[in-house]
There are 2 protein chains.
Amino acid sequence: MEVFLKSVSALNDETRVLILRFLDEYGECCVCDLQSSLEMIQSRLSRHLKILKEAGFIRVERKGTWAYYSIRSPLDRFRLEALEEIRHLSLELPPLRKSSDKGECSL
Amino acid sequence: MEVFLKSVSALNDETRVLILRFLDEYGECCVCDLQSSLEMIQSRLSRHLKILKEAGFIRVERKGTWAYYSIRSPLDRFRLEALEEIRHLSLELPPLRKSSDKGECSL
DNA sequence: TCAATATATCAACATATCTTGATATATTAT
DNA sequence: ATAATATATCAAGATATGTTGATATATTGA
């Protein structure tokens with residue numbers, strides 16, 4: 001029950017659904033990429049990424065000070081179906097701003 | 001997004017997960033059956049049943065003063081997968097107490 | 001070591017959700 | 001019409017969750 005509710009409550013937020021959809025669309029991103037792309041302040045993103053990670057939806061790979069987040073793979077049936085559902089939502093997905101590549105990550 | 005979040009937030013509660021599992025296991029029940037079986041006060045049940053209904057998981061059929069709730073059918077893929085997930089949770093399912101049949105519904 | 005940068009966590013406040021007991025509504029039987 | 005019963009809704013309080021700005025931690029480079 002705990003694990004199920006953790007998954008479900010992770011999905012129960014518009015911000016986190018957007019983050020999932022964004023990572024699903026564009027692949028691995030570091031926090032500052034997400035900041036510039038989604039126009040969210042860092043503490044807010046960090047919080048939601050942690051929740052999504054602990055719910056088993058995403059993984060993080062650290063490279064130096066950067067933290068690269070991506071959809072975890074493989075996903076179990078339920079999480080996969082949730083992701084599929086999210087994929088078909090008509091939400092406005094902002095374009096990817098890869099500030100990490102260009103060393104212009106100064107947010 | 002709204003519809004998705006409505007489904008998800010309906011799932012995001014231990015009480016409602018139990019109600020879903022219960023209806024899935026035992027089929028159609030009226031509110032007083034649920035009261036006596038799940039040992040919950042009536043206003044609490046009524047609230048959660050409403051949320052589950054509005055989220056598309058259950059339906060209600062009125063017969064006189066009784067309201068019979070059951071899992072809605074057909075369910076879409078996501079809701080069905082959620083139900084399947086719930087089916088495999090190891091939760092303590094109390095036995096069915098069909099007080100409605102015997103006219104002993106006096107809670 | 002020190003400064004700069006990326007990320008994580010904390011504290012305070014605002015908002016949402018759950019629980020309970022009280023009340024309202026609706027149907028049935030007398 | 002009145003009483004009894006089943007269900008729904010409301011109000012108030014308690015708990016959980018989200019947002020923000022400030023601070024902490026950790027890594028890199030000078």
Side-chain angles (χ1 to χ4, degrees), chain A residues 1-2 5-19 23 28-55 58-70 97-107, chain B residues 1-2 5-19 23 28-55 58-70 97-107:
Chain A
M1 176 70 101
E2 280 174 34
L5 283 182
K6 202 161 197 172
S7 293
V8 165
S9 71
L11 291 172
N12 190 33
D13 180 274
E14 192 158 1
T15 300
R16 290 193 289 270
V17 170
L18 180 60
I19 292 172
L23 291 175
E28 193 175 64
C29 289
C30 76
V31 179
C32 60
D33 293 337
L34 294 170
Q35 277 182 85
S36 42
S37 302
L38 302 179
E39 294 180 310
M40 290 180 195
I41 67 176
Q42 185 265 322
S43 65
R44 185 180 172 199
L45 266 174
S46 203
R47 172 181 212 275
H48 291 302
L49 289 169
K50 182 181 184 181
I51 291 171
L52 286 171
K53 180 163 71 72
E54 293 187 340
I58 62 179
R59 72 193 187 90
V60 61
E61 190 180 352
R62 297 201 141 275
K63 294 173 184 168
T65 63
W66 281 270
Y68 288 90
Y69 285 90
S70 53
R97 292 170 170 267
K98 265 281 179 191
S99 43
S100 59
D101 286 347
K102 314 166 195 163
E104 61 181 30
C105 188
S106 55
L107 294 172
Chain B
M1 176 69 102
E2 280 174 35
L5 283 182
K6 202 161 197 172
S7 293
V8 165
S9 72
L11 292 172
N12 190 32
D13 181 274
E14 192 158 359
T15 300
R16 289 191 291 269
V17 170
L18 180 61
I19 292 173
L23 291 176
E28 192 175 66
C29 289
C30 78
V31 180
C32 59
D33 293 338
L34 295 169
Q35 277 182 86
S36 41
S37 303
L38 302 179
E39 295 181 309
M40 290 181 197
I41 67 177
Q42 185 264 323
S43 65
R44 185 181 172 197
L45 266 174
S46 202
R47 172 183 211 272
H48 291 301
L49 289 169
K50 181 181 184 182
I51 292 171
L52 285 171
K53 181 164 69 73
E54 293 187 342
I58 63 179
R59 72 193 187 88
V60 61
E61 189 180 353
R62 297 201 141 276
K63 294 174 184 167
T65 63
W66 282 267
Y68 288 90
Y69 285 91
S70 54
R97 292 168 170 267
K98 265 283 179 190
S99 44
S100 60
D101 285 347
K102 314 166 195 162
E104 61 181 28
C105 187
S106 56
L107 296 172

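Residues meeting the side chain to side chain contact (heavy atoms under 4.5 Å, CB included) test with B:S37, sequence neighbours left out: B:F22, B:L96, B:R97.
Within the 4.5 Å cutoff, the side chain of B:L18 has heavy atoms near those of the B:M40 side chain. For the pair B:E28/B:R59, a side-chain contact is recorded, criterion being any heavy-atom separation below 4.5 Å from C-beta on. Proximity of B:I19 to B:L45: side-chain heavy atoms (C-beta onward) are separated by under 4.5 Å at one or more points.
In terms of phosphate contacts, B:K50 brings no side-chain nitrogen or oxygen within less than 4.0 Å of OP1 or OP2 of D:dA8. At the phosphate of D:dA8, OP1 or OP2 sits under 4.0 Å from a side-chain N or O atom of B:Y69. Contact annotation: A:Y68 side-chain N/O to C:dT7 OP1/OP2 distance is not under 4.0 Å. For D:dA8, one of the phosphate oxygens OP1 or OP2 lies less than 4.0 angstrom from a side-chain nitrogen or oxygen of B:S46. Phosphate proximity of C:dT19 to B:H48: present, with a side-chain N or O under 4.0 Å from OP1 or OP2. For B:R62, no side-chain nitrogen or oxygen approaches OP1 or OP2 of C:dT28 to under 4.0 Å.
A donor-acceptor contact under 3.5 angstrom links the side-chain atoms of A:Q42 to the base of C:dA8.
In this entry the distance linking NZ of A:K63 with C1' of C:dT5 reads 18 Å, nearest Å. Per the geometry, CD belonging to A:E54 stands 11 Å off P belonging to C:dA8, to the nearest Å. Following rounding to the nearest Å, A:L45 (CG) and C:dA6 (C1') show an atom-to-atom distance of 13 Å. The separation between A:M40 atom CE and D:dG21 atom P is 15 Å, rounded to whole Å. What separates NZ of A:K6 from C1' of D:dA16 is a distance of 15 Å, to the nearest Å. When rounded to the nearest whole Å, the span between CD1 of A:I41 and C1' of D:dA22 equals 11 Å. As a whole-Å value, the separation of A:I51 CD1 from C:dA8 P is 13 Å. Spacing between atom CZ of A:R44 and atom P of D:dA22 amounts to 18 Å, rounded to whole angstrom units.
When all heavy atoms of B:S9 and B:K6 are compared, the pair lying nearest together is OG-O, 3.4 Å. Here the closest non-hydrogen pair linking B:L23 and B:C29 is CD2-CB, 3.9 Å.
Distance check, rounded to the nearest 0.5 Å: CZ of A:R44 to CD of A:Q35 gives 11.5 Å.
In the set C:dA22, D:dA8, C:dC10, D:dA8 carries the atom at the smallest distance from any side-chain atom of B:V31. Among D:dT27, D:dT20, D:dT7, the nucleotide with an atom closest to any side-chain atom of A:T65 is D:dT27.
Interface residues of residues 8-19 of chain B facing DNA chain D, ordered by number: none; criterion, heavy-atom separation under 4.0 Å.
Using a 4.0 Å heavy-atom cutoff across all strands shown, B:R47 reaches at least one base atom of the nucleic acid.
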List the atom pairs, with distances to 0.1 Å, where a side-chain N or O of residues 47-55 of chain A and a protein N or O form a donor-acceptor pair under 3.5 Å, not counting sequence neighbours.
residue, atom, partner, partner atom, Å
A:H48, ND1, A:R16, NH1, 3.1

